[in-house]
Amino acid sequence: MLYSPIFAVGICLSGNCHNLTIQRFTYRYQMHRISKLPFSFRTALLLIVPVAAGLLAACTPENNQSTFGTAGPVASDQADLFIFIFWIAAVVFILVEGAIIYAAIRYRRRSNSDKLPYQTHGNDKLEITWTIIPVLILLVIAIPTLTDIWEQQNGAPTDRGEVLNVEAIGHQWWFEFRYPDHEVITANELHIPVNRPVGFKLESEDVIHSFWVPKIAGKVDMVPLNDNYLWMMGDEVGEYYGQCAEFCGIAHAHMRFRVFVHTEEDFNAWISGMHTASDPPTAGSAEASGKSLFAGNCSSCHTVDSTAPGSYAQEISSQQARWNGWVSDIENSGIVSAPNLTHFGTRSTLAAGIKDLNHESLVEWITDPSTIKIGTRMQDHAAVYNTADGKAKLTDAEISDIATYLLSLKPGSGSTDQAMDMSSGKDVDAVELFTTNCSACHSTGDDKIVGPGLAGIGERAGNSVAGLSADEYLEQSLREPDAFIVDGFTPGLMPNWDKLGDDSIDALITYLKTLE
Ligand code: CUA
């Protein structure tokens with residue numbers, strides 16, 4: 001009896017946790033002395049101590065994912081509740097185990113006599129006592145448990161500062177964050193102000209994920225077609241780890257994110273930066289080359305310019321349209337919802353919190369994303385990875401340029417809007433305009449990419465809509481893309497190009513009419 005707990009742990013450590021095996025061992029244990037077991041007491045201790053130490057190391061409050069070193073009231077209430085219940089359980093354990101051990105030693109068989117001890121049955125007083133005590137213990141535990149559940153499931157409190165609303169959306173295998181009050185959209189790195197409650201609406205665009213920031217809040221599942229809610233508050237400025245806590249497919253373990261808790265001032269600066277366009281690259285630079293390569297190979301899934309007014313709604317409808325396009329043709333789709341890369345150069349991590357972001361890791365990611373995140377949809381569906389070995393159809397220099405360009409995406413001087421800038425010059429380069437803005441989705445030949453091939457568009461445009469000339473049809477297509485959608489193509493995907501300005505739109509129309 002004395003060795004039974006050690007014995008049970010020993011069985012589990014030896015990997016024999018099957019009822020039959022346990023029965024067999026229990027039988028052997030009863031039939032033989034302890035020395036006949038397949039391991040000694042000392043071996044069991046030698047096994048238990050390092051394993052327990054290894055497991056307990058994860059509990060150190062300094063650990064990035066430890067729920068003990070809390071940095072917000074929600075997480076600290078949960079930790080306090082855990083510790084309260086832990087000590088009650090510890091006292092119960094010591095009393096019950098103590099009674100068992102005492103009885104086992106005090107009343108052990110002392111001779112070889114086979115005489116049965118005095119037999120007894122039933123004790124009303126004892127039985128009532130050991131029924132009432134657990135009821136009282138559970139009552140004591142229920143009070144703070146229900147209070148915490150009430151406080152934490154009842155929406156973000158309005159009496160602890162202005163609530164920041166965030167919509168968090170789980171995707172295989174990354175997190176999208178939308179700030180509806182600020183019309184900001186980003187991915188994998190969440191920014192929140194310190195000491196202000198943040199109310200989350202949790203959604204999923206594919207399977208069930210789970211949203212968890214161990215040091216700041218508990219976890220809540222992100223379920224498709226069923227919004228869940230959670231609130232949290234960071235009370236210490238810093239960087240925190242978050243991760244998906246529900247098995248969601250092959251890259252589940254690689255679905256993480258970061259939470260940056262800022263001072264109110266820094267948070268406002270971040271928001272305002274997210275509304276400030278990047279400065280356009282200098283002609284002939286690596287950034288410029290990277291920009292045009294990005295436009296041609298990456299931009300049908302990744303947005304990089306959600307800074308202008310109206311771009312927030314546009315990005316949401318693009319994400320939805322990309323998702324619809326992927327769902328309607330999973331095998332052949334060249335598009336899939338993908339992380340928004342606006343001001344990507346300000347991020348500190350890559351691939352949903354997996355790697356530190358720098359030129360080297362970004363080159364590695366673009367070259368062969370599966371070396372960093374197996375199963376990534378980008379590699380499965382982007383045409384640029386349609387190769388025998390799955391590596392990008394780009395030279396090392398081209399990949400390096402794309403990485404340089406992406407790392408250059410940061411809030412600019414604030415004086416220019418990149419697209420507007422193009423129409424302010426006297427000589428608008430229509431080919432450059434087309435390459436930068438259109439070529440990711442439209443070929444100049446007959447090939448369909450995301451949108452139709454544009455060979456002969458000048459002639460077709462004149463015959464498309466009764467009453468509209470070719471010029472009028474093309475202009476409307478650029479300024480109001482969803483007015484007419486060519487059969488077989490997805491609405492909501494093409495951005496509104498009004499922002500290019502009149503000169504650029506005129507130049508593009510002239511250029512489009514030359515395509516044969
Ligand atoms: Cu998403 Cu696990």
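Every number for a ligand or one of its atoms is a count from 1 in the order of the listing.
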Atom 2 (Cu) of ligand 1 is nearest to which N, O or S atom of E246? O
Parallel, tilted or perpendicular: which fits the ring planes of F267 and H182, with parallel below 30° and perpendicular above 60°? perpendicular
Got a sec: is C248 within less than 2.8 Å of atom 1 (Cu) of ligand 1 via an N/O/S atom? yes
Can a salt bridge be assigned to the pair R322 and E315 using a cut-off of 4.0 Å between side-chain N and carboxylate O? yes
Could I get the full list of side chain to side chain donor-acceptor pair (under 3.5 Å) partners for S408, not counting sequence neighbours? none
Give me the one residue out of F211, Y240, W212 that meets ring-ring contact (aromatic ring centres under 6.0 Å, His included) with F257. F211
Salt-bridge contact K215-E236 (side-chain N to carboxylate O under 4.0 Å): no
Quick check: does Q172 have an N/O/S atom under 2.8 Å of atom 1 (Cu) of ligand 1? no
M255 SD and C244 SG subtending at atom 1 (Cu) of ligand 1 (10° steps): 110°
Restricting H252 to its N/O/S atoms, the closest one to atom 2 (Cu) of ligand 1 is ND1
Can you tell me which N/O/S atom of H209 has the shortest distance to atom 1 (Cu) of ligand 1? ND1
